[in-house]
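Count residues from 1 along the sequence. Computed over heavy atoms, backbone and side chain alike; hydrogens, waters and symmetry mates excluded. If you're wondering where the values come from, they're calculated on a predicted model, not measured in any experiment.
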Amino acid sequence: ESSPHLPAPKNVMIDSYNFRSLLRWSPVKVDGGLVLYTVHFKTAAFNQWDEMNCTRITQTECSFPWSLKQRRWTVVLRVRAELGQVTSGWVETDPFVAERNTTIGPPKVNSVTVSSDSLLISVTPPFGSEAGDSLQYHVSYWENATSTTKKETKMSNTLFKIGNLKELTLYCFRIQVELRTYSDLQLLGLQSVPECYRTTVS
């Protein structure tokens with residue numbers, strides 16, 4: 001049964017990046033004995049707590065199981081500390097919906113082909129898309145000499161061109177992904193680190 005003497009885990013939060021999600025919490029410190037943790041989950045559709053392959057574990061994080069990979073589900077998790085027969089109270093998370101609450105990382109830039117007036121950029125999206133997704137790439141680019149004026153363009157292909165550039169000029173760009181889902185949610189991802197290339201002479 002739960003005991004006031006065993007503190008409940010603190011800083012309980014869901015960490016989700018590119019739809020890979022895990023629950024994290026701060027370790028519970030007690031004198032003498034190894035504290036273990038148990039995590040349960042429930043979905044909005046089925047209001048009943050279930051075990052989540054994290055029962056009596058020593059580590060302070062628990063990855064979502066494959067059964068919770070549905071991005072549109074509303075999920076609540078809870079975790080408690082256990083020491084021998086003594087348990088702490090449960091700590092619940094706020095409702096989590098991956099489609100709204102995940103952080104989308106930047107796309108991977110595979111290659112940049114430079115010519116005198118353009119950069120041809122090939123990227124890989126940061127996660128595998130699902131039916132009904134539409135991905136757009138927001139590209140901002142600027143001349144390195146005058147980095148105050150940035151130009152923006154949006155592309156939906158993974159191969160795209162930044163054109164009308166000056167020759168022998170250094171240009172920098174950064175890209176972020178916008179995910180639109182069939183339920184009309186929009187998620188804007190993190191920007192990539194700027195990459196710079198000098199155009200050639202024609």
inquiry  = Is there a path of hydrophobic side-chain contacts, each under 4.5 Å between heavy atoms, that joins V139 and L165?
reply    = yes
note = Output for pair (E152 CD, S140 OG), nearest 0.5 Å, gives 5.0 Å
inquiry  = Donor-acceptor pair, distance only, cut-off 3.5 Å: does the side chain of D133 make one with the backbone of T181?
reply    = no
Shared hydrophobic cluster for F19 and Y137 (ILVMFWY, side-chain gaps under 4.5 Å) = yes
task = Scan residues 41-50 for pairs that pass side chain to side chain donor-acceptor pair (under 3.5 Å), counting only residues two or more places apart or in two chains.
result = K42-N47
message = Keeping S118 on the side-chain end and G163 on the backbone end, is there a donor-acceptor pair under 3.5 Å?
response = no
ask   = ring pair (Phe, Tyr, Trp, His ring centres under 6.0 Å) between F96 and F41: does it pass, once the steps are laid out?
value = CA-CA 11 Å; F96 170 81; F41 76 91; over 10 Å; no
query = Would a 4.5 Å heavy-atom cut-off, applied to side chains only, mark L36 and L83 as touching?
reply = no
task = Return the minimal non-hydrogen interatomic distance between P106 and I175, and the atom names on each side.
result = CB-O, 4.3 Å
ask   = Under 6.0 Å from the six-membered ring centre of Y141 and within 45° of its axis: does the NZ or CZ of R174 meet both?
value = no
ask   = Which residues satisfy the salt bridge (Lys or Arg N to Asp or Glu O under 4.0 Å) test with E92, sequence neighbours excluded?
value = none
request  = Drop me the distance from N18's CG to L179's CG, to the nearest 0.5 angstrom.
outcome  = 10.5 Å
inquiry  = Please verify the inter-ring angle class for W90 with H40; under 30° counts as parallel, over 60° as perpendicular, anything in between as tilted.
reply    = tilted
request  = Indicate if F160 and Y197 have the same hydrophobic cluster label, given that clusters are the connected sets of ILVMFWY residues with side-chain heavy-atom separations under 4.5 angstrom.
outcome  = yes
E82 and R80 ion-paired at < 4.0 Å = yes
ask   = Looking only at atom types and distance, does a side-chain atom of T60 sit under 3.5 Å from a main-chain N or O of P27, one as donor and one as acceptor?
value = no
key: CA sep, side-chain torsions, deciding dist, call: W25, Y37, ring pair (Phe, Tyr, Trp, His ring centres under 6.0 Å)   = CA-CA 10 Å; W25 56 91; Y37 305 96; 5.5 Å; yes
ask   = Given the rule that I, L, V, M, F, W and Y join up when any side-chain heavy atoms are under 4.5 Å apart, are F64 and I104 in one cluster?
value = no
task = Starting from the C-alpha separation in whole Å, work towards a yes-or-no answer on salt bridge (Lys or Arg N to Asp or Glu O under 4.0 Å) for R180 and E178.
result = CA-CA 7 Å; R180 285 175 174 238; E178 180 188 342; 3.0 Å; yes
ask   = Side chains of S202 and E167: do they bring a donor and an acceptor to under 3.5 Å?
value = yes
task = Take atom NZ of K69 as the centre, draw a 6.0 Å sphere, and report whether it contains more than 12 heavy atoms from other residues, nucleotides or ligands.
result = yes
ask   = Under 6.0 Å from the NZ atom of K151, do we count more than 12 heavy atoms belonging to anything else shown?
value = no
For residues 120-132, run the donor-acceptor check on the side chains, cut-off 3.5 Å, and write out each pair with its distance to 0.1 Å, sequence neighbours left out.
{"residue": "S122", "atom": "OG", "partner": "N110", "partner atom": "ND2", "Å": "3.4"}
{"residue": "T124", "atom": "OG1", "partner": "N110", "partner atom": "OD1", "Å": "3.1"}
{"residue": "T124", "atom": "OG1", "partner": "N110", "partner atom": "ND2", "Å": "2.8"}

task = Output yes when D117 and K161 qualify as a salt bridge under the 4.0 Å nitrogen-oxygen rule, no when they do not.
result = no
inquiry  = Is it the case that the side chains of S192 and Q176 hold a donor-acceptor pair, with the cut-off being a distance below 3.5 Å and no angle test?
reply    = no
request  = Examine distances only and state if a side-chain atom of S88 and a backbone atom of A81 form a donor-acceptor pair shorter than 3.5 Å.
outcome  = yes
task = Identify the heavy atoms of V28 and V35 that sit nearest to each other, and give their distance.
result = O-CG2, 3.7 Å
request  = Using a 4.5 Å cut-off on heavy atoms from C-beta on, say whether the side chain of V79 contacts that of L23.
outcome  = yes
